[in-house]
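These notes concern the structure reproduced below.
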Amino acid sequence: MHNTAILFLEFGAVVLGLGILGALALRVGISPIPLYLIAGLAFGTGGILPLATSEDFTATGAELGVILLLLTLGLEYNADELMTSLKGNARAGLVDLVLNAAPGAILALLLGWGPVAAVAMAGVTYATSSGITAKVLSDLGWIGNRETPVVLSLLVFEDLTMAVYLPVLTAMLAGLSLLAGAITVAIALVAVSVVLLVALRFGRYIEAFVASPNSEVLVLKVVGLALLVAGLAQQLQVSAAVGAFLVGIALSGELAEDAQALLAPLRDLFAAVFFVFFGLQTDPTKILPSAGLAAGLALVTMITKLMTGIYAARRAGIARAGRVRAGIALIPRGEFNIVIAGLAVAAGAHPDLGALAATYVLILAAFGPLAARLVQPLLTRIAARA
């Protein structure tokens, strides 16, 4: 009973504190993710007030947060849109992969961290934060712009790349042999292909099963299905988050919109817990020594993401201002980057990787939205001149 009381006190204080930080972020006009990470650093080992009882409970909540984040992201797309966007923007997606995965991998190798940490860091620097980018597009009124479909197609390409990348990383972190790793990746590819095929051919049957006029029943069915598929994906050595993403893709239309609206508060709660949990795993005393490296890496990858957006938008015939907007929108890093770093830290890839990744994400999660706001007047002038 005593431990339960402490758990409620600690977890309640964390959630209330997150609410206050979220309100502060809204007032300042930045993403709350950096503040959530800082809160985690404050409550973790070496922090101001380390949590004693609720860390295991918080870990479970963090895993739920990742699943719900990817589920709601999948609800943004349907299988047909996904395949169409991939075909039209495959070349730009490959440019994105090469330009933005390389800096993280090269830095890890230069630091002597080894090939496993290099693969992990490649993922950390590669993936744009879909959540933060979507918020930037909405807040600045860029949703209806001609470059927005290009940005979204690149995000989809990145998410599907993650479906292949995460099993590879998981196999490497587990120390599997080349043959075992190849089998793991093959199983992952088959699993992803089967789910996509089911979504394309039999999506209407899944929707008929999940659909309900009662919001309570709808939430229970959608979350239950997502957790079930996520668990099966994990058993098949595919990321649970990718499994949840594919469930979201299988649902479309009005059903997906209703599910999104109902799941948003639940997703936001556990997503915030997830960012706090990553902070809990990072020793704040290691942040300052990694700040210089993280800032340099952030500067390099801001430039490479800007180049990616400009290239992709130019291929789509977008004007100069739109090209810059596309590049700026791709700068933020957040949820997926932390997921990858969290996997690597938990597997012991390198003791300094977590601190570097946390600092890197802190910089870009805060600066990405800020850069978009600051550059908006400049973009308006460029458009007027053009």
Side-chain angles (χ1 to χ4, degrees), residues 25 28-37 69 73 89 92-93 95-104 107 121-143 145 147-159 161-162 275 291 293-314 316 318 320-341 356-380 382:
V28 177
I30 63 170
S31 166
I33 291 175
L35 300 184
Y36 295 158
L37 285 169
L69 273 169
L73 180 62
N89 293 282
V95 169
D96 181 19
L97 175 62
V98 172
L99 282 181
N100 295 289
L107 178 63
M121 281 302 299
V124 169
T125 56
Y126 166 57
T128 295
S129 168
S130 302
I132 299 177
T133 294
K135 187 167 177 55
V136 168
L137 294 173
S138 175
D139 289 350
L140 296 180
W142 292 359
I143 291 289
N145 291 354
E147 73 276 0
T148 298
V150 174
V151 173
L152 294 177
S153 69
L154 287 172
L155 295 181
V156 173
F157 188 93
E158 288 183 1
D159 291 331
T161 302
M162 287 293 113
F275 291 116
L293 275 177
L297 186 61
L299 178 61
V300 170
T301 53
M302 278 192 282
I303 294 170
T304 53
K305 278 293 182 184
L306 189 62
M307 291 167 61
T308 299
I310 290 172
Y311 171 77
R314 187 174 63 189
I318 309 298
R320 281 182 296 172
R323 294 173 198 171
V324 178
R325 276 195 297 266
I328 291 288
L330 292 170
I331 285 175
R333 308 298 202 278
E335 56 276 6
F336 237 147
N337 316 80
I338 298 296
V339 170
I340 294 162
L356 177 62
T359 311
Y360 172 78
V361 171
L362 273 169
I363 293 169
L364 292 184
F367 185 76
L370 185 61
R373 288 182 184 277
L374 292 175
V375 84
Q376 174 72 355
L378 175 64
L379 293 176
T380 304
I382 291 173

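The minimum heavy-atom distance linking Ala313 with Ala326 is given by the pair CB-CB, 4.2 Å. Across Ala298 and Ile363, no two heavy atoms sit closer than the pair CB-CG2, 3.8 Å. When all heavy atoms are compared, the tightest approach of Ala329 to Thr133 is O-OG1, 2.8 Å. Among all heavy-atom pairs drawn from Val150 and Ala312, the shortest one is CG1-CB, 3.5 Å. Scanning all heavy atoms of the two residues, the minimum distance from Ala25 to Leu35 falls at CB-CD1, 3.9 Å. Here the shortest heavy-atom pairing between Ile328 and Pro332 reads O-CD, 3.9 Å.
A donor-acceptor contact shorter than 3.5 Å is absent between the side chain of Asn337 and the backbone of Ser129.
Remark: Ile331 CD1 to Lys305 NZ distance equals 10.0 Å, nearest 0.5 Å. Here CG of Asn145 is found 4.5 Å from CZ of Arg325. Values are rounded to the nearest 0.5 Å. Residue Leu107 holds its CG atom at 9.0 Å from OG1 of Thr125, rounded to the nearest 0.5 Å.
Every side chain to side chain contact (heavy atoms under 4.5 Å, CB included) that Leu97 has, sequence neighbours left out, goes to Ala101, Tyr126, Thr161. Every residue two or more places apart in sequence or in another chain that forms a side chain to side chain donor-acceptor pair (under 3.5 Å) with Tyr360 is listed here: Thr301, Arg333.
Each of Ile310, Thr128, Asp96 was compared with Leu330 under the side-chain contact (heavy atoms from CB on, under 4.5 Å) criterion, and only Thr128 meets it. A side-chain contact (heavy atoms from CB on, under 4.5 Å) with Pro103 is found for one member of Leu299, Ile303, Val124, Val300 and no other, namely Val300.
Between Met121 and Leu297, the closest side-chain pair of non-hydrogen atoms falls below 4.5 Å.
Within 6.0 Å of OH in Tyr311 there are more than 12 heavy atoms belonging to other residues, nucleotides or ligands.
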